[in-house]
Amino acid sequence: MEQNQFLALTDANVYADNPEPRCPCLLLLDVSASMEGEPIKQLAHGVDVYRDSLFSDELARKRVEVAIMTFGGTVDLKHPFVTVDALSALHFRAQGGTPMARAVVEGLKYLETQKGIYRANGIAYYRPWVFLITDGGPNDPETGLWGEAVRQVREGEQRKAFSFFSVGVEGANFEKLTELSVRQPLKLQRLEFQTLFTWLSASQQAVSRSRPGEAVPLLSPAGWAEV
């Protein structure tokens, strides 16, 4: 991806008008050909539920910022970091292979860019969340890229630069997801995307009501996931 595709909304007025600390969440979403049909339809609906649920919480609406990056044939920044009131509805189209390693590497690069924007504008921020959802495994053509993705995730977790979560839809390569994530990957029950994103919204609403750096226990994923 071209470097200019990683530019976030940097208008200083955004931060002048809303100086609240930010809780950034980067969604890495698999839109490869195997997601065609009901899976991608339910994924898109889940993202809509997530946006609407966050919007209904007055504080989360000011503090949670979401960016969406998809991987299916190519890796694409579908939406830069914005508060949910500026998060527009998105259409996902299933196509191509699963360049998961590239998505992770490019996503973490973009996240670091966003954190720099916060610092430049004097905005405090919570530990970012990176949330990956896939129904497959990495098939990037670049040699060694998967190892680089694994290294970056594990080093970033160790430095507490972000919290990385992985969710596998039926058919996902859980062996690879276990390699990638420090946390145990979660298996999505059926196509419970709506319940998943409701959980994600509730969890981030809880975080947004805390102070940056304060530990907030995660809600149980019971109802949408199994370990």
Side-chain angles (χ1 to χ4, degrees), residues 6-10 14-15 18-29 47 50-51 53-55 57-69 77 79-87 100 103-134 148-167 177-186 196-221 224-225 227:
F6 290 103
L7 295 178
L9 301 181
T10 58
V14 170
Y15 303 107
N18 176 14
E20 292 284 344
R22 298 304 204 270
C23 177
C25 180
L26 172 63
L27 302 179
L28 299 177
L29 305 180
V47 172
Y50 172 59
R51 180 194 64 228
S53 180
L54 285 172
F55 186 81
D57 184 296
E58 184 176 357
L59 193 57
R61 189 163 67 238
K62 296 177 180 178
R63 292 186 171 185
V64 178
E65 286 199 336
V66 181
I68 298 175
M69 187 173 287
L77 181 62
H79 212 301
F81 276 107
V82 291
T83 49
V84 292
D85 55 339
L87 183 62
M100 187 189 304
V104 170
V105 170
E106 299 289 15
L108 295 182
K109 179 180 179 181
Y110 173 55
L111 178 59
E112 286 303 311
T113 298
Q114 183 64 24
K115 288 160 68 175
I117 292 170
Y118 293 147
R119 291 190 290 267
N121 287 276
I123 298 296
Y125 58 89
Y126 300 85
R127 185 175 178 179
W129 287 28
V130 182
F131 213 83
L132 181 144
I133 301 174
T134 181
E148 177 62 17
V150 170
R151 183 191 68 79
Q152 289 191 19
V153 169
R154 292 184 173 270
E155 287 188 0
E157 282 273 18
Q158 186 175 23
R159 293 186 289 107
K160 298 185 177 181
F162 50 78
S163 295
F164 190 96
F165 303 87
S166 59
V167 177
L177 291 181
T178 300
E179 284 181 21
L180 178 65
S181 182
V182 172
R183 294 172 179 79
Q184 181 72 25
L186 296 171
L196 180 164
F197 280 106
T198 299
W199 171 89
L200 182 58
S201 171
S203 298
Q204 292 184 320
Q205 288 175 45
V207 170
S208 72
R209 290 191 288 270
S210 68
R211 296 179 180 178
E214 181 180 345
V216 178
L218 281 178
L219 303 175
S220 169
W224 66 267
V227 177

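What you see is a predicted model, and the numbers here were worked out from it, not measured in a lab.
- Residues Leu59 and Ser208 approach most closely at CD2-O, 3.5 Å, considering heavy atoms.
- Side-chain contact between Val47 and Leu29 is present, with at least one heavy-atom pair separated by less than 4.5 Å.
- Side-chain contact between Tyr50 and Val66 is present, with at least one heavy-atom pair separated by less than 4.5 Å.
- With sequence neighbours left out, Lys115 forms a side chain to side chain contact (heavy atoms under 4.5 Å, CB included) with Leu111, Glu112, Arg119, Tyr125, Pro128, Ala161.
- Contact record, Gly107 with Leu28: CA-CD2, 4.4 Å, taken as the closest heavy-atom pair.
- Shortest non-hydrogen contact noted between Gln114 and Tyr15 is NE2-OH, 3.5 Å.
- In summary, of the residues considered (Arg211, Lys62, Arg63, Arg61), a salt bridge (Lys or Arg N to Asp or Glu O under 4.0 Å) with Glu20 occurs for Arg63 alone.
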Criterion salt bridge (charged side-chain N to carboxylate O under 4.0 Å, His left out) on Arg154 and Glu179, from CA distance to verdict: CA-CA 10 Å; Arg154 292 184 173 270; Glu179 284 181 21; over 6 Å; no
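- With sequence neighbours left out, the side chain to side chain contact (heavy atoms under 4.5 Å, CB included) criterion links Gln205 to Ser53, Leu54, Asp57, Ala60, Ser201, Arg209.
- Taking the side chain as every heavy atom from C-beta outward, Leu87 and His79 approach each other to under 4.5 Å.
- Distance CG/Leu200 to CG/Leu219: 10.0 Å, rounded to 0.5 Å.
- For Arg183 and Phe165, the positive end sits near the middle of the six-membered ring, less than 6.0 Å away and at most 45° from its axis.
- Closest approach of Tyr126 and Pro24 over heavy atoms only: O-CD, 3.7 Å.
- The main-chain N or O of Phe164 is found under 3.5 Å from a side-chain atom of Glu157 such that the two form a donor-acceptor pair.
- The two residues Val153 and Val104 make their nearest non-hydrogen contact at CG2-CG1, 3.7 Å.
- Counting all heavy atoms, side chain and backbone alike, Ala67 lies closest to Tyr110 at CB-CE2, 3.7 Å.
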Steps toward side chain to side chain contact (heavy atoms under 4.5 Å, CB included) verdict (Phe162, Leu26): CA-CA 10 Å; Phe162 50 78; Leu26 172 63; over 6 Å; no
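- Taken to the nearest 0.5 Å, the CG atom of Leu108 stands 11.0 Å off from the CD atom of Glu155.
- Trp224 places a side-chain N or O within donor-acceptor distance of the main-chain N or O of Pro221, the cut-off being under 3.5 Å.
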